[in-house]
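Following: one structure in structure tokens, then a few remarks.
These figures come from a predicted structure and were not determined experimentally.
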Amino acid sequence: MTLTARQLLLATLDRQLLLERRRLDVAEAVRRICAIQAQTSASPYLALWNRLQDFAPEDLDAAFADRRIVKATLMRITLHAVHAEDYAHHHAAMLSTLRASRLYDRRFTSTALTPTDADALLPELAGFLARPRTGAEVEEEVTGRFGEHAHRVWWALRTYAPIHHAPTGGPWSFTQRNAYLAASEYAPQDAAAGVRRLLLAHLRAFGPASARDFARFTLLGRPVVAQALRELGDRVVRVAGPGRAPLFDLADATVPAEDAPVPPRLLPMWDSTMLAHAVPGRLLPQEYRPAVVRRNGDMLPCLLVDGQVAGVWRAADGGLELTAFRTLTKAAWHGLTEEAERLCVLLADRDPAVYRRYGHWWDKGIPGVESRIVKG
């Protein structure tokens, strides 16, 4: 059987818990969907609100506090929230890419220091970060010996060293004043095994998917991905799809029927579903990409109608402003309005002006055909 584009879309939505909100523990949900992009502190909360029945933000607060879910630089050299038990394996998979992104960057090489100089600090850094420390404290205590280059040494280390971001309070557990902790009970993992485990997690969360999809999600090189597919053997099967690129999936995975109902959703900024597949992806129609993905890489919060992006949303006028890129049916607006009303209730107790710093994109113009203000 050859899967259609619609079936691939539904498979992604189903595995991402977006066809139906599930009753799951927050840590188990994060593991199920592989990872949540977390460069904005609100996004993990809004991602889980879209996916979990009766989601309570306090549950995610607690999971971050007791480190069942950890926040760290991983895939695409970007902050992600992942299950604590997956961190060491995901870090092993990404370590070579993370190190290269910093130690071979001109900002580090111009210091005349070597990768060995940076690596030599790792044991001392782990000891110093046995409790939360600010970046300024690390620069002064651990990397301060490098004088004017201390900032660049810490810039490199905080990306590839096995460290987590520590909760600092605020409405979403993390504030702009970052704090750092050494990864607890961290033991180096085999890189190839880490890639295999991450690839299986990606297929479980976003499959069926191509090698190119996984490469985009991680920024791992094609040879590394190809090797992982070979080593996984019959744990992964080839699937026929609508395009030329071969697709892969878990041997026991299922795909929903094409007539499966798809509810509306209000996705957060940089939702992982938008970044898990090669461009153009499955949820974002190509004609709307310039409006959603801005030139600097910012990816705006999206309205999902029938499983695909149909507009964007933002906090405004004491509620949420929903902007549609195309004419929507009354039923679609009704569903989006109900979702927005529920989200307003969540935000009222946390941060009614969520994503306020990205409002300038609306000031520059959003190419919508209709906007509505919804209040809780």
If we only count heavy atoms from C-beta on, is the [X] to [Y] side-chain gap below 4.5 Å?
X      : Y      : result
Thr218 : Met94  : yes
Thr40  : Arg357 : no
Arg21  : Arg265 : yes
Met269 : Gln39  : no
Val262 : Leu19  : yes
Glu341 : Leu320 : no
Leu60  : Pro44  : yes
Leu122 : Tyr160 : yes

Using only atom types and a distance under 3.5 Å, with no angle test, would you say the side chain of [X] pairs donor to acceptor with the backbone of [Y]?
X      : Y      : value
Arg133 : Phe128 : yes
His202 : Ala276 : yes
Asp213 : Ala278 : yes
Glu20  : Leu18  : no
Asp86  : His83  : no
Gln189 : His91  : no
Thr12  : Leu8   : yes

So does [X] pair up with [Y], basic N to acidic O under 4.0 Å?
X      : Y      : value
Arg31  : Glu85  : yes
Arg177 : Glu137 : no
Arg326 : Glu287 : no
Asp306 : Arg6   : yes

(Q) Assess the residue pair Leu98 and Thr73 against the criterion (side chain to side chain contact (heavy atoms under 4.5 Å, CB included)); give the C-alpha distance rounded to whole Å, side-chain angles, the decisive distance to 0.1 Å, and a yes or no. (A) CA-CA 8 Å; Leu98 295 173; Thr73 301; 3.9 Å; yes

For this session: Report the C-alpha separation of Leu181 and Ile163 in whole Å, then their side-chain angles, then the decisive distance to 0.1 Å, and conclude whether the side chain to side chain contact (heavy atoms under 4.5 Å, CB included) test is met.
Result: CA-CA 6 Å; Leu181 266 173; Ile163 58 177; over 6 Å; no

If two hydrophobic side chains count as joined below 4.5 Å and joins carry through other members, does [X] share a cluster with [Y]?
X      : Y      : result
Leu3   : Leu9   : no
Phe206 : Leu304 : no
Leu52  : Leu46  : yes
Met75  : Ile33  : no
Leu10  : Leu267 : yes

Can you confirm whether more than 12 heavy atoms, excluding those of [X], are under 6.0 Å from its [atom1] atom?
X      : atom1 : answer
Glu58  : CD    : yes
Glu140 : CD    : no
Asp234 : CG    : no

[Y] versus [X], side-chain donor and acceptor atoms under 3.5 Å:
X      : Y      : answer
Tyr180 : Thr134 : no
Gln16  : Arg51  : yes
Asp119 : Thr116 : no

Closest approach of Ala161 and Leu125, non-hydrogen atoms and distance?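 Answer, listing the atom of Ala161 first, then Leu125: CB-CD2, 3.8 Å.
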
Please report the closest heavy-atom contact between Pro208 and Ala11, naming both atoms and the distance.
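Heavy atoms of Pro208 and Ala11 come nearest at CD-CB, 3.8 Å.
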
Quick one: pull up [atom1] in [X] and [atom2] in [Y] and give me the separation to the nearest 0.5 Å.
X      : Y      : atom1 : atom2 : answer
Asp190 : His89  : CG    : NE2   : 11.0 Å
Glu231 : Leu229 : CD    : CG    : 9.5 Å
Thr97  : Arg102 : OG1   : CZ    : 11.5 Å
Ile69  : Ile36  : CD1   : CD1   : 7.0 Å

Donor-acceptor pairs are to be reported for all side-chain atoms of residues 148-156 against protein atoms at under 3.5 Å, with residues two or more places apart or in another chain.
| unit_1 | atom_1 | unit_2 | atom_2 | d |
| --- | --- | --- | --- | --- |
| His151 | ND1 | Glu139 | OE2 | 2.8 |
| Arg152 | NH1 | Arg107 | O | 3.2 |
| Arg152 | NH1 | Ser110 | OG | 2.7 |

Q) Given Arg314, which of Tyr355, Trp361, Trp362 fulfils the side-chain contact (heavy atoms from CB on, under 4.5 Å) condition? A)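 Single pass found, and it is Trp362.
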
Problem - Plane angle bin for His80 and Phe217 - parallel if under 30°, tilted between 30 and 60°, otherwise perpendicular - result: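 Phe217 vs His80 ring planes: perpendicular.
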
Practice prompt. Write out all pairs satisfying ring pair (Phe, Tyr, Trp, His ring centres under 6.0 Å) with one or both partners inside residues 232-281, taking only residues at least two apart or from two chains.
Written response: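 Counting only pairs at least two positions apart or across chains, the ring pair (Phe, Tyr, Trp, His ring centres under 6.0 Å) contacts touching residues 232-281 are Trp270-Tyr358.
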
- [ ] Step through it carefully: locate the ring centre of Trp172, locate the ring centre of Tyr45, and say whether they are under 6.0 Å apart.
- [x]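 So the answer is yes for these two rings.
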
If you look only at distance, which donor and acceptor atoms sit under 3.5 Å apart when one is on a side chain in residues 367-376 and the other is two or more places apart or in another chain?
| unit_1 | atom_1 | unit_2 | atom_2 | d |
| --- | --- | --- | --- | --- |
| Glu370 | OE1 | Trp333 | NE1 | 3.3 |
| Glu370 | OE2 | Arg372 | NE | 2.8 |
| Glu370 | OE2 | Arg372 | NH2 | 3.1 |
| Ser371 | OG | Thr323 | OG1 | 2.8 |
| Lys375 | NZ | Asp317 | O | 3.2 |

Examine Lys71 relative to Phe64 and say whether NZ or CZ is less than 6.0 Å from the centre of the six-membered ring and inside a 45° cone about the ring axis.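 That pair does not qualify as a cation-pi contact.
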
Checklist entry - Is there a side chain to side chain donor-acceptor pair (under 3.5 Å) between Arg76 and Gln37 once you walk through the steps? => result CA-CA 10 Å; Arg76 298 184 305 283; Gln37 186 143 332; 2.3 Å; yes

TODO: Check step by step if side chain to side chain contact (heavy atoms under 4.5 Å, CB included) holds for Phe325 and Leu303.
DONE: CA-CA 10 Å; Phe325 296 148; Leu303 307 178; over 6 Å; no

Could you walk me through whether Leu284 and Val279 pass the side chain to side chain contact (heavy atoms under 4.5 Å, CB included) test, one step at a time? CA-CA 9 Å; Leu284 180 56; Val279 175; over 6 Å; no

By side-chain contact (heavy atoms from CB on, under 4.5 Å), which residues pair with Ser101, not counting sequence neighbours?
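By the side-chain contact (heavy atoms from CB on, under 4.5 Å) rule, Ser101 matches Ile77, Thr159.
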
> Listed by chain and number, what are the side-chain contact (heavy atoms from CB on, under 4.5 Å) partners of Val70, not counting sequence neighbours?
Replying inline: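 Here the qualifying residues are Arg67, Val82, Ala84, Tyr87, His164.
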
Salt bridge (Lys or Arg N to Asp or Glu O under 4.0 Å), that's the test. Do Arg22 and Glu28 meet it? Break it down for me.
CA-CA 11 Å; Arg22 308 288 180 84; Glu28 177 56 31; over 6 Å; no

Got a sec, which pairs hit side chain to side chain donor-acceptor pair (under 3.5 Å) with one end in residues 241-255, sequence neighbours left out?
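Applying side chain to side chain donor-acceptor pair (under 3.5 Å) to every pair that reaches into residues 241-255, excluding sequence neighbours, yields Arg15-Asp249.
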
